[in-house]
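What follows is a single structure, written as structure tokens, with notes after it.
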Amino acid sequence: MGTFTSSWPVASGSTTGQSTPIAAARGARKTYGSGEAAVVALEDIDLDIWPGRFTAIMGPSGSGKSTLMHLLAGLDRPTGGRVFLDGVDLTTLDDRRLTRLRREKVGFIFQSFNLLPVLDARDNVLLPLSIAHRRPDPAWFGQLVAAMGIADRLSHRPAQLSGGQQQRVAVARALLGRPAVVFADEPTGNLDSKASAQVLGLLRQAVDELGQTVVMVTHDAHAASFADRLVLLSDGHIVHDGAAGSPEEILNLLKEAC
Amino acid sequence: MLRAMLAGFVSRRLRVALTASAVALGVALMAGAYVLTDTINASFASIFATTNSGIAAVVSPRSVLGGDNGPQLSPITGQVLARVRRVPGVAEAAGAIFGTATLTGPSGRSLTTFGPGLVASALPAPFNATVMVKGHRPEAPGQADLDQMSFERDGLHLGDVIRAAGAGTARAYRLVGTYRLRTSGSFGGTAVAILTLPEAQAVVGEPGRYDEVDVAASTGVSPQALSERLAAALPSDLTVRTGRQQAASESANAANQLGFLRTFLLVFAYVALFVGAFIILNTFSITVAQRSRELGLVRAMGASRAQVLASMVGESLLVGLVGSATGLGLGLLAAPALDQLFKSLGADLPDNGTVLQARTVVVSLLAGVGITLLAGLAPSLRATRVPPVAALREGAPLEPTRWARCSLPACLAALAGGAALVGWGLAGRGGAGAVGGGALALLIGVALLSPRFVPPLAYALGTTVAWRGVTGKMARENARRQPGRTAVTASALMVGLALVTFVSIVASSTQATVNQVLDDDLAGNMVVEPSSSGGGPGLPAALAPALGRVPGVATVAAVTFSEAKVAGLRGTQTVTGIDGAALARLYRVKWVVGTASVMAHLGGGAAIVTRSFASAHHLVAGQRLSLLTPSGRHLVAVVRGVVSDQAGLLDDITLSRGVVEGQFSQPTDAVDFVGYARGATASSVKLAVDRLLASRFPQAQAWTAAEFKRHQADQVGSLLALIYVLLALAVVVSLFGLVNTLVLSIYERSRELGVLRAVGASRRQVRQLVRYEPVVTSLIGAATGLAVGALFGVVMVLSVGGSTAVLSVPLPTLGAMAVVAAAAGVAAAALPARRASRLDILAAVASE
């Protein structure tokens, strides 16, 4: 497996400087349903995601961690409050602008990989750029797939790849466009421990060597220990926000919080 | 289980509606065909019941050959009438004329009529079924009555002069009255002029003869008894029926003539149902694949295979019932629309209220439900093989069915069997049934085979959209993804397009062949035909000599048709009567045995036979044929020549026209060929001939070679238009299939579409992606349909037409069809694409 080298241009997100958050929630609320049946998923969340950092969001089932990520990524709209991505207030955008913003600023990594089965690994990696009619930088593409260890698998369809390989294709897909933020939703949920370690190591490297901003939702303490910062949610509230620490420390935090 | 099924049924409303529509359209056409023809038959039955109401018994000629129609010249003379009057129990008897004639108005143009115009003799009181509306009955030779409907339709006035042209030159009559039938208004839209008896006899060319004798019974004598007495007293070339039997016989005759219409419509109904079967098969297959988890769950909870099967079959039954009932309703609505369609193409059908018979309901429901059950059976059986563990696995692929394994031999067997059947049918052994059955087997064979050639074909055709970037490429790959699904969806379209292609190639080739024949065999000559197509009066024998006297005409060859029974052969054979010497100069045939001089010197005892007739019955030159004519005469003809006639003018047996006129009682001709004198121009001769026909023979119409070609092209064109409209229904059904498959596929791929949206695909891009896939699918259907249809068409043209057939492939039409198919794909995708682009991204991508 290759490694990133610091000679590469850094991701666009980090150019805005350390003092400005790359993504932020201000009093963000999310309720489902209305009246008596209303369920509050998030309540008045204030959160800043700093560029060039690896943030883990944790919490028990139903704590609102996935909802928070969906709001930050522009996949969903808050019921109240505001959400900013790279300085743009997402709540003011229509579907077309929001789509364009996602296309340009956000990378996604999903638990179930979500590669398109009809496209081979190469086309899957290139998918976001193809959709945006953007031409990939061949050198960057070559280095990326080499770093992901999938250079010799590019003509394979997802069905012909192992879970770990599929997720590394997905990571390459998320990183290729140099997005402001990469959102990873339980990226290791469907992987064995070895493959998990590989994927998490790659995300860590992306942050360290490229200055890539990564936000990861997980309920695995080991996975969260790869992050710089841990945000802990419970019942729609942030109950902890601090350095991630070791898996044991994270487990203790989780026990305290819930 | 039942409740679960019903709940599922309700929750999948859209799918059920789309699937049921596939059945409904075919059933609608089927029900419509029955309702339309039943309705028309019923109105004719009421007309004939009226015209025969005052009649106890009817004496009419019988064909000794066993057909419905007697010889053209009636054997009923005044002597026969006198004999009828002498039979005990006969209170009154009247000879009547009821024959075809071209009726023209004061302007010289033919009166509007449904079917050929008629002349009838005025009948005495007990037999008269008409009542006067205006004026009085014809009392003098120059007077006529006309039915009120025709009178109004053509804007006539009492005192106007109309002409009637039957077996002779046109005769003029002054209108002195109008009438209507006692119960219904008109003769179903047919123009009928009533003349005095001698005049009617003169018009139809039967002076001193009658088409039938109407008989009234003395009190106390039943119609049945009277008929028996009459039959015993009269010769065997006459038939006697009671008034009621006569009405039934006339109705049956009319229904028979309408039978082609029913068959014609039903063929298209079956085509639509056949296409619908593909769609049902596909929908159920996809449903089973998508519900494997649910099916596994019910199995895990203890449901038996039989219960799963019962619930699946129950679902097909419900779909079939919903579809058939909808179709039946649509059919009732469609019957008047079909009526309009036929009217717009030149027919004018009588309409006395819609008739819905129990048979229509039963047959339509049976056909619709039956085809649904049949098509749903394979997927239902497949559902029973879903293992309980499928409940625990997400998207567990179904193991391939036994079908998949045996499909190659099966489809090859279907192809080989179909080809053999078609060959057998075309060779003249199995008839149309064998050809149709074979074609069906071939289509099924191609459909079974298609999953094998869909992936490469999809790849090739998919390049038409792949240039649109990643969405086009994905659409292409989606079409290749489940070759079986794409294949069945495309097959539905294939069937319709194959038929359209087949029909257009056969029609265009037929026309090209006719043109070739006109150029080759009839170079530059004129054709004179009866002006009313189908059942009208023939050409008077007096026409040919009159044409011969027109300046610029060198030769006239009259041709007549009849039939005969040949001793030792089954059924009846068609007979052509020709003026050998004249025709040999105007018309060329290929001689297999003999030379053109055989035709030029065709005498009374000589016959020419066609090659196909000769080879079917092992006839050789010099062989004697014992013939029985429709008027019951026996004669012997010796085979002098064998020909191959690409235009089909010469029937099985060709005899001298003098023989056919005399011995076959066939006084009128079917067509006259006119050859120009040296130096005469077609246009000047045509002008003179037209003047002659207009003044004396309005029942005839002349065409120069160029006009005749155009006329033929027009006729083929309007028939094609009708066929295209009806086949369009099959294409519409296959569109429902496209939509249905697409809706189901999108449902299956919602996660993928969600991912696309998440990584930045716009709604427009998702719509494009969804839209391109059916374009690829419909192009596959179009390509296979065009290929299969072209193959069928070429084989048909070459095998039926033989070496003389001209093959013509209407490339612009076929190209247009491919474009229409692709456009249909886009249209089919509109709704699913909208749905796909409105997909909730979160619901699609959120982790479970």
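Each chain gets a letter, A, B and so on, in the order the sequences are listed, and its residues count up from 1. All values derive from a computational prediction rather than experimental measurement.
The two atoms that bring A:Pro158 and A:Gln166 nearest to each other are O-NE2, 3.3 Å, heavy atoms only.
Per-residue heavy-atom pair counts under 4.5 Å with chain B were compared for A:Pro117, A:Ala174, A:Ala132, and the maximum is reached by A:Pro117. In terms of non-hydrogen atom pairs under 4.5 Å with chain B, the most contact-rich of A:Leu119, A:Val217, A:Leu115 is A:Leu119. Of the residues considered (A:Val106, A:Asp95, A:Leu127), A:Asp95 shows the highest number of contacts with chain B, using heavy-atom pairs under 4.5 Å. If you tally non-hydrogen atom pairs under 4.5 Å between each of A:Ile131, A:Leu126, A:Asp76 and chain B, the highest count goes to A:Ile131. Considering only heavy-atom pairs separated by less than 4.5 Å from chain B, the leading option among A:Ser130, A:Ser66, A:Gly74 is A:Ser130.
For the residue pair B:Arg757/A:Thr99, the side-chain donor-acceptor check at 3.5 Å is satisfied.
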* To do: Dump the intermediate steps for salt bridge (charged side-chain N to carboxylate O under 4.0 Å, His left out) on A:Arg178 and A:Glu104, then the final yes or no.
  => CA-CA 9 Å; A:Arg178 298 190 178 101; A:Glu104 286 162 6; over 6 Å; no
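A salt bridge links A:Lys105 with A:Asp86: the closest approach of a Lys/Arg side-chain nitrogen to an acidic carboxylate oxygen falls below 4.0 angstrom.
A:Arg97 CZ: 12 or fewer foreign heavy atoms inside a 6.0 Å radius.
Residue contact with chain B, scored on non-hydrogen atoms closer than 4.5 Å, is absent for A:Arg100.
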